[in-house]
S.K.: 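Sending over a structure as structure tokens; questions will come in a sec.
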Amino acid sequence: MERYGIPTPRAMRFDNLKALENAISIETQWPHVLKQSGLAGGKGVVIVETPSQALQIAREWSVQDNLLAQGILWEDYLEGKEISVHVLTNGKDYVWLPLTRDYKRATPDLNAPNTGGMGAFGPVTDITPEVRTVINEKILEPLMQFLQDDNLFYHGVLYVGIMLTHLGPMVLEFNVRMGDPEAEVLIPLLPIDWGACWLGLAQGNLPSIVEPESRAAVAVVLADSGYPLEVKGSQEIILPKTPEGLIFHGSTQQSGDGTVLQAQGGRIVTVVGRDSSLLGARDQAYRTIRQIIAPDTQFRHDIAADTE
Ligand code: GLY
């Protein structure tokens with residue numbers, strides 16, 4: 001990102017605890033962010049508000065397998081709203097999928113732990129054409145240039161996590177996959193033949209994507225009550241026989257007649273409501289999730305609510 005001038009928060013990478021402790025002790029901007037520089041299942045980011053909290057996490061991470069060796073990032077905290085930008089690309093050109101927003105913290109509380117995602121909705125309509133232009137010019141076009149300059153063959157979906165800050169859009173992360181639970185919003189939202197879309201992309205052909213009009217989808221994740229800090233044992237959950245919304249399975253195993261399941265912890269199912277309005281989609285998702293009998297579980301109650 002530095003090489004291509006792609007806007008992203010300032011970050012320093014450490015593989016030495018003493019040097020990281022020193023950076024924490026001289027930091028003047030709080031809150032700040034500690035990030036694991038490796039795969040962490042979406043859970044390797046902690047927003048820290050004080051030096052003592054930062055030092056505690058840095059020390060905890062420093063004794064965990066490989067975390068320091070992979071690198072720990074000490075990164076500026078960004079204030080703003082997050083969006084998930086998905087594009088389909090043949091490595092040269094790209095088309096946008098509808099914009100989505102996911103909810104990464106376990107609860108709305110700023111100090112709640114990050115998860116893989118507790119819900120999402122789309123399309124996000126509160127960004128202006130000017131912001132889209134900046135994302136194209138400052139992020140996506142340089143990214144395509146990078147793929148070509150480095151001879152990286154990439155045909156498929158790119159998912160860019162972006163924070164909309166007062167300084168403009170800034171990249172939080174790139175993923176070479178769809179977001180989860182953004183995929184559960186995007187796939188039902190777009191009435192296209194996904195098999196043909198992926199095959200065409202593999203052959204270098206970009207599909208045409210028509211942004212859905214008067215269609216919205218809201219996904220709410222039902223997770224085990226210990227998620228993401230603790231993995232609880234298996235528990236029985238019962239799904240409604242004829243659910244109004246869609247139910248995508250995460251960590252379930254069938255037992256019994258098909259509506260009784262053994263949930264194995266973590267993110268158990270994702271429930272999706274669809275409607276011509278966001279409010280209608282949201283109501284459908286919450287009506288459906290409330291019909292699931294699952295005593296030792298949690299879900300966020302505010303997915304898509306801040307847009308009303
Ligand atoms: N929704 C966040 C992710 O898939 O990484």
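We count ligands from 1, going down the list as the structure has it; atoms in each ligand are counted the same way.
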S.K.: Among H86, E182, R177, find the one that has a side-chain hydrogen bond (donor to acceptor under 3.5 Å, both in side chains) with Y159.
M.R.: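 Single side-chain hydrogen bond (donor to acceptor under 3.5 Å, both in side chains) partner of Y159 among H86, E182, R177: E182.
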S.K.: Using a 4.0 Å cut-off to any heavy atom of D102, which atoms of ligand 1 qualify?
M.R.: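 Counting atoms of ligand 1 from 1, those under 4.0 Å from D102 are 1 (N), 2 (C).
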S.K.: Pair S225, K232 - check side-chain hydrogen bond (donor to acceptor under 3.5 Å, both in side chains), show working.
M.R.: CA-CA 8 Å; S225 63; K232 296 226 170 159; 3.1 Å; yes
S.K.: Show which atoms of ligand 1 fall inside a sub-4.0 Å distance from at least one heavy-atom site of Y159.
M.R.: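 Heavy-atom distances to Y159 below 4.0 Å select 1 (N), 2 (C), 3 (C), 4 (O), 5 (O).
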S.K.: Donor-acceptor pairs under 3.5 Å, side chain of residues 23-31 to any protein atom, not counting sequence neighbours: which ones?
M.R.:
from, atom 1, to, atom 2, distance (Å)
S25, OG, E21, O, 3.3
S25, OG, N22, O, 2.8
E27, OE1, H32, NE2, 3.4
E27, OE1, W74, NE1, 3.0
E27, OE2, Q29, N, 3.1
W30, NE1, E27, O, 3.2

S.K.: Report, in ascending order of atom number, the atoms of ligand 1 lying under 4.0 Å from any heavy atom of R177.
M.R.: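 What qualifies from ligand 1 is 3 (C), 4 (O), 5 (O).
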S.K.: Under 4.0 Å from a heavy atom of G179: which atoms of ligand 1 are those, numbered in the order shown and with their elements?
M.R.: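 Under 4.0 Å from G179, ligand 1 has these atoms: 4 (O).
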S.K.: Below 3.5 Å, N or O to N or O, backbone or side chain included: is there any such pair between N175 and ligand 1?
M.R.: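 No - when backbone and side-chain N and O of N175 are compared with those of ligand 1, no distance drops under 3.5 Å.
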S.K.: Using the side-chain hydrogen bond (donor to acceptor under 3.5 Å, both in side chains) rule, take D275 and S277 through it: C-alpha gap first, then chi angles, then the decisive distance, then the call.
M.R.: CA-CA 5 Å; D275 191 64; S277 76; 3.3 Å; yes
S.K.: Which of the atoms of ligand 1 are close to G116, meaning less than 4.0 Å from one of its heavy atoms?
M.R.: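 Listed by number with element: 1 (N), 2 (C), 3 (C).
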S.K.: Within ligand 1, which atoms have a heavy atom of K104 less than 4.0 Å away?
M.R.: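 Once the distances to K104 are compared, the set is 2 (C).
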S.K.: Does any N or O atom in E173 lie less than 3.5 angstrom from one in ligand 1, N or O only?
M.R.: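 Looking only at distances, the answer is no, because the N/O contact criterion of under 3.5 Å is not met.
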S.K.: Sorted by first residue and then second, give each ring pair (Phe, Tyr, Trp, His ring centres under 6.0 Å) pair with at least one member in residues 260-280; sequence neighbours left out.
M.R.: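 Checked against ring pair (Phe, Tyr, Trp, His ring centres under 6.0 Å) - neighbours excluded - no pair reaches residues 260-280.
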S.K.: Tell me, with the steps shown, if K104 and E173 meet salt bridge (charged side-chain N to carboxylate O under 4.0 Å, His left out).
M.R.: CA-CA 13 Å; K104 291 219 171 65; E173 58 176 352; 3.7 Å; yes
